[in-house]
Amino acid sequence: MNKKIFGCICGLVIAIALLIGAYLIFDKPSKEISDITFYADNYQFSYEELKSHSQIIALIQVMDELTEANSEAFISEGYTVGNIGRRQCKVLKYFKDERNYGETLTVLEPASVIDNQYIHPEDYDKLEKDNIYLVFLCDETATNELSLMSAYNGTFDVDNLDEMDEYYDLAIKAIVEYMTDLPDKQKEAIIDSDEIVKASAIEGVDIQTQIIGIDEEITLLFKMSSDGQMNVQVTE
């Protein structure tokens, strides 16, 4: 066979192979990730318990997405007995650090993506990339890795406080204590309050909160600044 003809045939075969490969890579329909929830009976920590049982209290920013690459399922006798996601987080500020961790943390959360299934407790949604959270972390786990304390119970999305319902009072107490410059006496009164409720929104204010059950009912107006400081205005 003429060498030029043979070369053309080989080139054509290679070109076809490349086209088929490109089709398989780019045109193959991607599988949709299904949402799988399960019931989890987590212990509900009080605010003081969160502080005393945590090794880390910090303001963090999530650096990655939850994917199959950073998810793990635990199998025992053929059954899945647990699942986690290992999330990479940048520490914006430490409020408590008993272990001298660095500027980044790997944090376990009770959610994973396994075989195109997003698996998580029914009352928990995964940490969102780029969002900022005030978290209470504990490393007293089976693998001695840092974990969120009781899922949402110790995880507060300060970017989306207005969307919080459960544990809203704990979030406000933590933000008041660690992210505001209110006088200590006023902080203590808010932290000791038995009733903290979400009030109606005001234009230009991220969240409005009423503190009930102290000497006088007060309203806090929160506004997040670009440097991660929560500015707060107190009205009575």
Side-chain angles (χ1 to χ4, degrees), residues 24-47 49-50 53-92 99 101-102 104-171 174-175 198:
L24 291 175
I25 292 172
F26 297 108
D27 288 345
K28 185 177 180 179
S30 58
K31 292 182 179 179
E32 291 187 4
I33 295 179
S34 56
D35 192 326
I36 306 297
T37 62
F38 61 90
Y39 174 75
D41 187 14
N42 294 318
Y43 180 80
Q44 307 302 301
F45 290 97
S46 68
Y47 182 63
E49 287 176 324
L50 283 174
H53 290 294
S54 60
Q55 281 75 53
I56 299 290
I57 303 174
L59 190 68
I60 63 169
Q61 185 170 30
V62 181
M63 301 166 60
D64 61 1
E65 301 280 1
L66 181 65
T67 65
E68 296 209 19
N70 58 14
S71 298
E72 183 177 356
F74 299 102
I75 310 297
S76 177
E77 298 181 354
Y79 294 95
T80 300
V81 295
N83 61 291
I84 59 166
R86 288 185 173 86
R87 308 299 299 277
Q88 300 304 307
C89 304
K90 176 172 66 175
V91 179
L92 303 179
R99 303 287 195 262
Y101 282 96
T104 60
L105 297 172
T106 299
V107 176
L108 303 186
E109 68 169 334
S112 63
V113 177
I114 306 290
D115 295 332
N116 282 305
Q117 294 180 328
Y118 167 43
I119 307 168
H120 60 100
E122 58 188 5
D123 62 346
Y124 179 83
D125 287 322
K126 60 184 173 64
L127 300 176
E128 294 292 343
K129 183 181 179 183
D130 296 329
N131 279 20
I132 296 174
Y133 296 85
L134 178 56
V135 293
F136 293 75
L137 306 174
C138 176
D139 61 9
E140 296 175 357
T141 59
T143 58
N144 296 318
E145 296 175 272
L146 281 172
S147 174
L148 301 175
M149 289 186 63
S150 199
Y152 264 161
N153 191 190
T155 309
F156 309 123
D157 185 351
V158 298
D159 283 332
N160 297 287
L161 277 178
D162 58 327
E163 298 178 6
M164 285 194 68
D165 291 313
E166 193 172 13
Y167 309 125
Y168 177 79
D169 58 332
L170 300 183
I175 288 169
K198 194 184 303 183

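Here the side chains of Thr155 and Leu127 are in contact, with some heavy-atom distance below 4.5 Å. When side chains are defined from C-beta on, Val135 does not count as touching Val107, because their heavy atoms never get closer than 4.5 Å. In this structure the side chain of Ile60 never reaches within 4.5 angstrom of the side chain of Leu137, judged on heavy atoms. Residues Phe74 and Ile84 meet the side-chain proximity criterion, which asks for heavy atoms closer than 4.5 Å. A heavy-atom distance below 4.5 Å is found between the side chains of Leu66 and Ser71. Using a 4.5 Å cut-off on side-chain heavy atoms (C-beta onward), Val62 and Glu128 make no contact. For the pair Ile132/Leu59, a side-chain contact is recorded, criterion being any heavy-atom separation below 4.5 Å from C-beta on. Considering only heavy atoms from C-beta on, Tyr124 comes within 4.5 Å of Leu148 through its side chain.
Shown here are the ring pair (Phe, Tyr, Trp, His ring centres under 6.0 Å) partners of Tyr101, two or more places apart in sequence or in another chain: there are none. For Asp125, there are no salt bridge (Lys or Arg N to Asp or Glu O under 4.0 Å) partners two or more places apart in sequence or in a different chain. Shown here are the ring pair (Phe, Tyr, Trp, His ring centres under 6.0 Å) partners of Tyr118, two or more places apart in sequence or in another chain: His120.
Distance check, rounded to the nearest 0.5 Å: CD of Gln61 to NZ of Lys90 gives 5.0 Å. With values rounded to the nearest 0.5 angstrom, Asp159 atom CG is found 9.5 Å from Asp130 atom CG. Note that CG of Leu108 and CG of Asn83 are 11.5 Å apart. Values are rounded to the nearest 0.5 Å. Residue Glu122 holds its CD atom at 13.0 Å from CD1 of Ile36, rounded to the nearest 0.5 Å. Distance check: Arg87 CZ to Leu105 CG gives 13.5 Å after rounding to the nearest 0.5 Å. With values rounded to the nearest 0.5 angstrom, His53 atom NE2 is found 11.5 Å from Ser150 atom OG.
Here the side chain of Asn153 pairs a donor or acceptor atom with the backbone of Phe45 at under 3.5 angstrom.
Ion pairing between a basic and an acidic side chain is recognised when a charged N comes within 4.0 Å of a carboxylate O; Lys126 and Glu109 show no such pairing.
The shortest heavy-atom contact between Gln55 and Glu140 is NE2-OE2, 3.6 Å. A pairwise comparison of heavy atoms in Ala151 and Asn42 identifies CB-ND2, 3.9 Å as the closest pair. Between Val91 and Gly102 the shortest heavy-atom distance is CG2-O, 3.9 Å. Of all non-hydrogen atoms in Cys89 and Met63, the two that sit nearest each other are C-SD, 3.5 Å.
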Open item on the list: Pair Thr104, Gln88 - check side chain to side chain contact (heavy atoms under 4.5 Å, CB included), show working.
Closed with: CA-CA 7 Å; Thr104 60; Gln88 300 304 307; 5.5 Å; no
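Between Arg86 and the options Asp64, Leu146, Thr106, a side-chain contact (heavy atoms from CB on, under 4.5 Å) holds for only Thr106.
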